[in-house]
Every structure is written in structure tokens, then in C-alpha cells.
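Residues: numbered from 1 along the sequence shown.
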Amino acid sequence: MAEKLRTLRRLLIPGFVFQSIVIGGGYGTGAEIMEYFQKNGFVGGLLGIGVTLLLWSALCAITFEFSRVFRVYTYQGMMHLLLRRGAVFFEISYLAMLLMVLGAVTASAGATAQQLLDVRPEYGYLLLAACTVLLSVKGTAAIEKALSAWSYVLYAVYLLFMVLCLYRFGDAIAAQLQLPEIGRGWAVSGAKYAFYNIGCVPLLLYTLRDCQNRRDAILSGLLSGVIGAVPAALLLVVLSGVEGTLGAEVPVAVVFEALDLPWLYWTFEIVLFGTLIETGTGYIKALDDRICERRASVPPLFHAALAIALCAAGYGVAQMGLSRIIAKGYSAMNWAFLLTYALPMTTRGVWMIRNKSDK
């Protein structure tokens, strides 16, 4: 029994960490779901999420197997093997995405604090930064435990939220299923959403050190895509059943206003704030690991200083506003990660895995 539990944990943790990083400010507030899926209609949005799920699962499976075969557990090590001198282009793309993600989670933290506590957004910024810095200093083991544990909490709250919304808005959601219109861009939207988020897949490599064989790597990768996409599908179902969510700055706020359940609203917002901390910490940790990879000992003060500097940069980007970051900034990363990571990994990466396995 204990061995089965360890195996299950080994298979699921990369997926939970992936979900914790990817869900972020735009995903959790519904803004990304609206931008990429809801505009294509209910059925079109679900089809788009299906495309995202398939792409995430496939790329995670290949990447995890690449990490296992070559025993590389940082994005810099993996990209150096995969792209050689071209790895610098992934580095540039990752740093750009890092700043945009920190801007998005900072903007979301400010909006959450303002809506929940009726205080200035700066209080949300400061609380987010303090928690992110603290978790970054704690190190790999603490981050892995925090991200995986919070994912269980997130799923529990999402399921409760879903059940209550189905009870309250079930007829409206069922009516959406009857609509024949499906936006023509559902496949493209699903691919775009997958590609700009895949930049965080190499950030998961530190969770794969216990991966024992090809079956573990591939199964864990496939599950990661499912774990990351399911909350998006649940949220789309809910948003489609409530009028006024399409075009809202924070779509889930419209849902909670319609539900009129303050206790659930507080619970959801607290859990969402935790995911913002997880997302920011995940991106910062990857850069921290990349910088410290070849150093035998690094003082805790360095980790804190790096996290503080990056949180400050995120505050600057947050002034663009959450909607603008998602609509303009994130979209620019689709091509970057497609060219510097997805295509090389699914072509040269697969060839390298097969060549290594044959020897």
C-alpha cells in the first residue's frame, strides 16, 4: 500500500506543480478563459480546451522522458542539450514571459485585495511579494510540498464552486449546449493558449528526480496535461451560464455576484491568492535554479534578493493592467515558445531520446 501511494505521488506531483504554475492570475480569475475560449461559444470553448489538453499532455510526456533519459533537471541544462548555442533564444523568451507572468499575478493580487478587503491594491502587491519571497527562500522541498498541497485545496474548492453553480445556473448552462454556433477559431485559440503556457513545462524538471522509467515519465506527462486543463473546462462551464461574464475584467467576480454566497466568494478568493503566490514562486525558482546551478553554496540572502527584485519588476509590469497583459503581452509569446521549445523538443528531442535509448 505504501509503495502504491509513493508511486501515485511520483506520477501526480509534476501535474499538480504544473497546474499551480500555469493557473496564475488570468486563468484563475477567468480572464484567460474568456479571452481564449469563451469567445468561441460554449461548445467551441470546450473543443479549444481539448486541443490545449492534448498539446500539453504530449509535450509534457516528451519533455519528462527527455529529462529522465539525459538526467537534466533545470531548464538551462535541458535547453543547452536540445538547442546548444540556440538556448539563448529560449532564455530571452523565458525572461520576457517571467516578467509578464509576474505582472499578471501582481495585478490580480491587487485586484483581489481591493475587492475582498476594500483596501488599496498596493496591500495585495506587498502580501504577494512577502509570501513569494518567503517561499523562495525556503527552497525546493518546501516549494514542491506547498505547490502540490495547495493544488488539492484548489481542486476541492473548484469542485464545490462547480456543484453550486450547476445547481443555481444549470438550466442556463444546459441551454448553452443547445446553441449550434461554434466559433471558427476554437482550434487556433486552443493551440495559442497551449503554446504560450508551455514555457513553464521546463520549470517542472526538479519534480522528476524520482522518475524511475519511461512509463513513469510518459504517464506523468499525460496526467499533467489533464490536471492542468480540467479546471479551465470547469470554469468555462460556469462562466457560460452567467450573463455579463464575457468582457468583464474579472469574470469570476460576476459569477459570485450572481451566486450571492459571501462565504464561498471569500474561500475562492483566498485560494486564488494562494495560486498567485504559487505561480510567481514557480517562475522565480526556475530562474534561481538556473543562476545557482553551478554554485556549490548560495546564501539565503541571494535567493531573497533575487525574489524581491523580480517582484518589484512584476509590480512595474502590472501597471499595464491584467487584460492588456493577457491580450497583448501573452499573445506575443506563442511564437517564441513554439519555435524555441515545442518544435525542437518534438523533433530533435524525440530523435535524441530514441538515439540514446538504442545505445
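By the 6.0 Å contact criterion, CZ on R348 is enclosed, its count of non-hydrogen atoms from other residues, nucleotides or ligands being greater than 12. Heavy atoms from other residues, nucleotides or ligands lying under 6.0 Å from CZ of F70 number more than 12. For F302, the CZ atom is densely surrounded, since the number of other residues' heavy atoms within 6.0 Å is greater than 12. At most 12 non-hydrogen atoms from other residues, nucleotides or ligands lie less than 6.0 angstrom from CG of D118.
Distance check, rounded to the nearest 0.5 Å: OH of Y193 to OG1 of T52 gives 7.5 Å. Taking CG of L261 as the start and CZ of R168 as the end, the distance is 5.5 Å to the nearest 0.5 Å. With rounding to the nearest 0.5 Å, the separation of SG in C165 from CG in L160 is 9.5 Å. Expressed to the nearest 0.5 Å, how far CG of L222 lies from CZ of F64 amounts to 9.5 Å. In this structure, CZ in F37 is found 8.0 Å from CG in L236, a value given to the nearest 0.5 Å.
I13 has its side chain within reach of V17: a pair of non-hydrogen atoms, C-beta onward, lies under 4.5 Å apart. Side-chain contact check for F273 versus E269: every heavy-atom pair is 4.5 Å or farther apart. Contact check for Q114 versus V119: no side-chain heavy atoms found under the 4.5 Å cut-off. Between K285 and S136, the closest side-chain pair of non-hydrogen atoms is not below 4.5 Å. Side chains of S93 and Y341 form no contact here, defined as non-hydrogen atoms less than 4.5 Å apart. A 4.5 Å side-chain heavy-atom check between I198 and L55 finds every atom pair outside the cut-off. Inter-residue side-chain proximity for W335 and F195 is flagged as unmet; no heavy-atom pair is nearer than 4.5 Å. Looking at heavy atoms from C-beta onward, L208 lies out of side-chain contact with R68 at the 4.5 angstrom threshold.
Across every non-hydrogen atom of A307 and V133, the tightest pair is CB-CG2, 3.7 Å. When all heavy atoms of A258 and V242 are compared, the closest pair comes out as CB-CG1, 4.1 Å. In terms of heavy atoms, A232 sits closest to I33 at CB-CD1, 3.7 Å. The minimum heavy-atom distance linking Y94 with L287 is given by the pair OH-N, 3.9 Å. Here the shortest heavy-atom pairing between L259 and L164 reads CD2-O, 4.3 Å. When all heavy atoms are compared, the tightest approach of L102 to G280 is CD2-CA, 3.8 Å.
Below 30°, between 30° and 60°, or above 60°: for Y75 and F90 the angle between ring planes is between 30° and 60°, a tilted geometry. Ring geometry, F18 versus W56: the interplanar angle exceeds 60°, so the pair is classed perpendicular (tilted spans 30 to 60°).
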Practice item. Assess whether side-chain contact (heavy atoms from CB on, under 4.5 Å) is satisfied between L203 and C200, documenting all intermediate values. Key: CA-CA 5 Å; L203 315 189; C200 72; 3.9 Å; yes
Exercise for review: List the steps and the verdict of side-chain contact (heavy atoms from CB on, under 4.5 Å) for L81 and F66.
Suggested key: CA-CA 10 Å; L81 274 176; F66 188 96; 4.2 Å; yes
Exercise for review: Decide yes or no on side-chain contact (heavy atoms from CB on, under 4.5 Å) for Y315 and E122, but give the supporting numbers first.
Suggested key: CA-CA 9 Å; Y315 172 77; E122 285 75 14; 4.1 Å; yes
Point to revise | Candidate pair V350 and R354, rule side-chain contact (heavy atoms from CB on, under 4.5 Å), full reasoning | key: CA-CA 6 Å; V350 171; R354 292 184 63 182; 4.2 Å; yes
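With hydrogens and angles disregarded, no donor-acceptor distance shorter than 3.5 Å links the side chain of S220 to the backbone of A217. At distances below 3.5 Å, not a single donor-acceptor pair connects side-chain atoms of S67 with backbone N or O atoms of Y73. Using modelled atom types, no side-chain atom of S189 and backbone atom of W186 make a donor-acceptor pair closer than 3.5 Å. Checking side-chain atoms of T207 against main-chain N and O of L204 turns up a donor-acceptor pair under 3.5 Å.
Here the two rings, on F161 and F256, have centers that are under 6.0 Å apart.
Linking Ile, Leu, Val, Met, Phe, Trp and Tyr whenever their side-chain heavy atoms come within less than 4.5 Å leaves V188 and L47 in two separate clusters. L159 and V157 fall within a single hydrophobic cluster, where Ile, Leu, Val, Met, Phe, Trp and Tyr side chains are chained together by heavy-atom contacts under 4.5 Å. Under the 4.5 Å side-chain heavy-atom criterion for Ile, Leu, Val, Met, Phe, Trp and Tyr, Y125 and L128 are members of distinct hydrophobic clusters. Put simply, L12 and V153 are part of the same group of oily side chains (I, L, V, M, F, W, Y) that touch within less than 4.5 Å, one to the next. Under the 4.5 Å side-chain heavy-atom criterion for grouping Ile, Leu, Val, Met, Phe, Trp and Tyr, F89 is not connected to L339 through any hydrophobic cluster.
Judged by the 6.0 Å distance and 45° axis criteria, K192 is not positioned over the aromatic ring of Y36.
With no hydrogens or angles considered, a side-chain donor-acceptor pair links Q38 and T245 at under 3.5 Å.
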